[in-house]
Amino acid sequence: MVNNNPWERAQKQLQKAARYIKLDPLMLAKLTNPDRVIEVSLPMKLDNGEVKLFQGYRVQHNNIRGPYKGGLRYHQDVDMDEVKALAFWMTMKNAVVDVPFGGGKGGITVDPKTLEELELEKLTRQFTGKIADIIGPQKDVPAPDVNTNPKIMAWIVDEYSKITGKKQLAVVTGKPIEKGGSEGRTEATGLGGVYTLLTAFQKLNMKPKGMTVAIQGFGNVGLYVAKFLQKTGFKVVALSDSKGGIYIPQGIESVEEVEKCKLEKGTLAGCYCIGSVCDLKNIDKLGGKNISSEEVLQLPVDIIVPAALENVITKDNAAKIKAKIVLEMANGPTTQEADEILRKKDVLMIPDILANSGGVTVSYFEWYQNLNNEHWGKEEVFKKLKVKIEKATGEVFDTSNKYGVSLREAAYIVALNRIQKGN
Ligand code: NAD
């Protein structure tokens with residue numbers, strides 16, 4: 001039986017790609033083990049007087065190509081193996097897209113929806129204090145991930161600056177624009193995914209118009225993938241979040257209206273919009289159907305986009321997938337067994353470390369702007385992002401052809417070659 005522990009999967013991916021390029025054994029040993037793992041206890045008194053203990057993690061996987069870089073995740077299922085895998089994938093991703101960073105990742109085992117905002121701020125500030133010695137603009141630069149956002153990043157800057165006695169904007173990326181954030185960072189991961197897909201389409205001589213897409217996850221990443229795909233001519237037919245989803249085979253009229261509806265209702269379910277009127281009552285008029293977050297991946301569409309969490313495409317549902325393309329916007333959404341099943345079915349897997357690298361690319365732009373006291377306009381950011389993503393996607397396709405391997409293996413080969421050269 002294959003284990004779906006993400007860290008073990010990451011190791012297997014590394015070993016496999018290392019064999020193709022005869023990676024130096026010392027380098028392989030370095031990449032097989034994170035440079036440093038940190039686990040901190042975060043005891044806190046909640047507003048109701050109850051004392052709760054949270055666990056915080058930061059894994060610094062590798063810094064051969066620059067400061068450790070990677071997000072912070074707040075989720076009840078965060079554990080050390082997940083954070084280690086995510087940190088490793090950051091090392092690979094940053095090398096694929098060629099930004100001068102190593103890989104890191106962190107998180108807290110907490111469901112932030114159970115905390116009041118002030119409690120979340122207290123927890124974030126305590127965590128920042130406990131990792132302050134090991135983060136910093138030239139050491140390790142966190143960013144948002146699942147359930148973390150610009151506001152949380154601003155608390156980290158504030159706390160870190162207090163501790164070090166100096167305003168240090170570049171200690172994290174993904175900040176609010178008025179607090180040193182970059183234009184376009186919010187949209188970057190989703191837009192980067194769309195640039196990757198469009199470049200793949202060019203390589204494959206395919207056209208977006210009318211291609212149907214179903215997206216799992218409607219947070220930062222899922223929302224912008226949906227918006228930009230719709231703008232580019234793809235037909236977004238299904239969207240889902242953790243509580244369920246909507247499916248309209250003829251195409252969702254406007255992702256923006258669904259976004260507004262979700263903001264009002266707190267959930268996507270029932271957001272069947274005709275013009276600006278969104279209501280479950282519209283379901284029959286639109287020929288729609290309520291679906292679960294799992295069903296969204298099995299719909300009869302051309303492309304599925306997992307944009308929520310890892311291990312959602314498994315041996316149990318892989319055979320039921322009807323799409324011919326999987327754009328992996330989440331990190332690690334496909335288990336190893338599922339990857340093999342889909343490969344045999346000739347499904348094109350566009351791997352996470354390439355598809356979602358737009359986020360860290362604009363994080364790099366933000367860090368650079370902070371350190372150089374610059375502020376670029378959104379158009380400039382998007383233009384630079386497009387150049388980076390098209391180049392990385394082109395390299396991954398060329399490598400896939402050269403070695404006769406999948407895009408996933410090719411992405412690892414591109415990354416390892418770059419890390420081995422040290423540039
Ligand atoms: P987010 O917290 O903004 O959104 C997560 C979304 O997933 C929400 O809509 C939530 O309802 C949904 N979700 C949670 N559990 C689910 C489940 N079991 N089934 C279906 N949907 C579920 O997070 P995000 O920043 O959008 O990140 C999503 C994924 O993209 C993660 O894997 C993350 O690591 C990856 N990623 C994020 C960025 C970034 O810049 N934010 C960059 C690269 C990769």
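Counting convention: from 1, in listed order, for ligands and their atoms alike.
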Among protein heavy atoms, which lies nearest [atom], and at what distance?
| atom | result |
| --- | --- |
| atom 14 (C) of ligand 1 | Ser242 CB, 3.8 Å |
| atom 5 (C) of ligand 1 | Gly219 CA, 4.2 Å |
| atom 9 (O) of ligand 1 | Phe218 N, 2.9 Å |
| atom 39 (C) of ligand 1 | Thr189 OG1, 3.4 Å |
| atom 23 (O) of ligand 1 | Val146 CA, 3.5 Å |
| atom 3 (O) of ligand 1 | Asn220 N, 2.9 Å |
| atom 20 (C) of ligand 1 | Ser293 CB, 3.3 Å |

For atom 18 (N) of ligand 1, is there a protein heavy atom at a distance under 4.0 Å?
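It does not: no protein heavy atom is found less than 4.0 Å away from atom 18 (N) of ligand 1.
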
Out of Ala308, Gly332, Ala188, Ser357, whose heavy atom sits nearest atom 29 (C) of ligand 1?
->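 The option holding the nearest heavy atom is Ala308.
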
Quick one: does Gly217 get an N or O within less than 3.5 Å of an N or O on ligand 1?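 No; every N/O pair is 3.5 Å or more apart.
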
Margin query: Regarding ligand 1, does Lys262 bring an N or O atom to under 3.5 Å of one of the ligand's N or O atoms?
Written below: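 N/O-N/O distance under 3.5 Å: no.
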
At under 4.0 Å between heavy atoms, what of Arg73 touches ligand 1? The answer is side chain

Atoms of ligand 1 under 4.0 Å from any heavy atom of Asn331, numbered from 1 in the order shown, are 32 (O), 33 (C), 34 (O), 35 (C), 36 (N), 44 (C)

Quick note, side chain to side chain donor-acceptor pair (under 3.5 Å) partners involving residues 318-333, not counting sequence neighbours, are Lys93-Asn331, Glu328-Thr334, Glu328-Arg408, Asn331-Asn356

So disulfide bond (SG atoms under 2.5 Å apart) across residues 225-267, not counting sequence neighbours, yields Cys261-Cys271

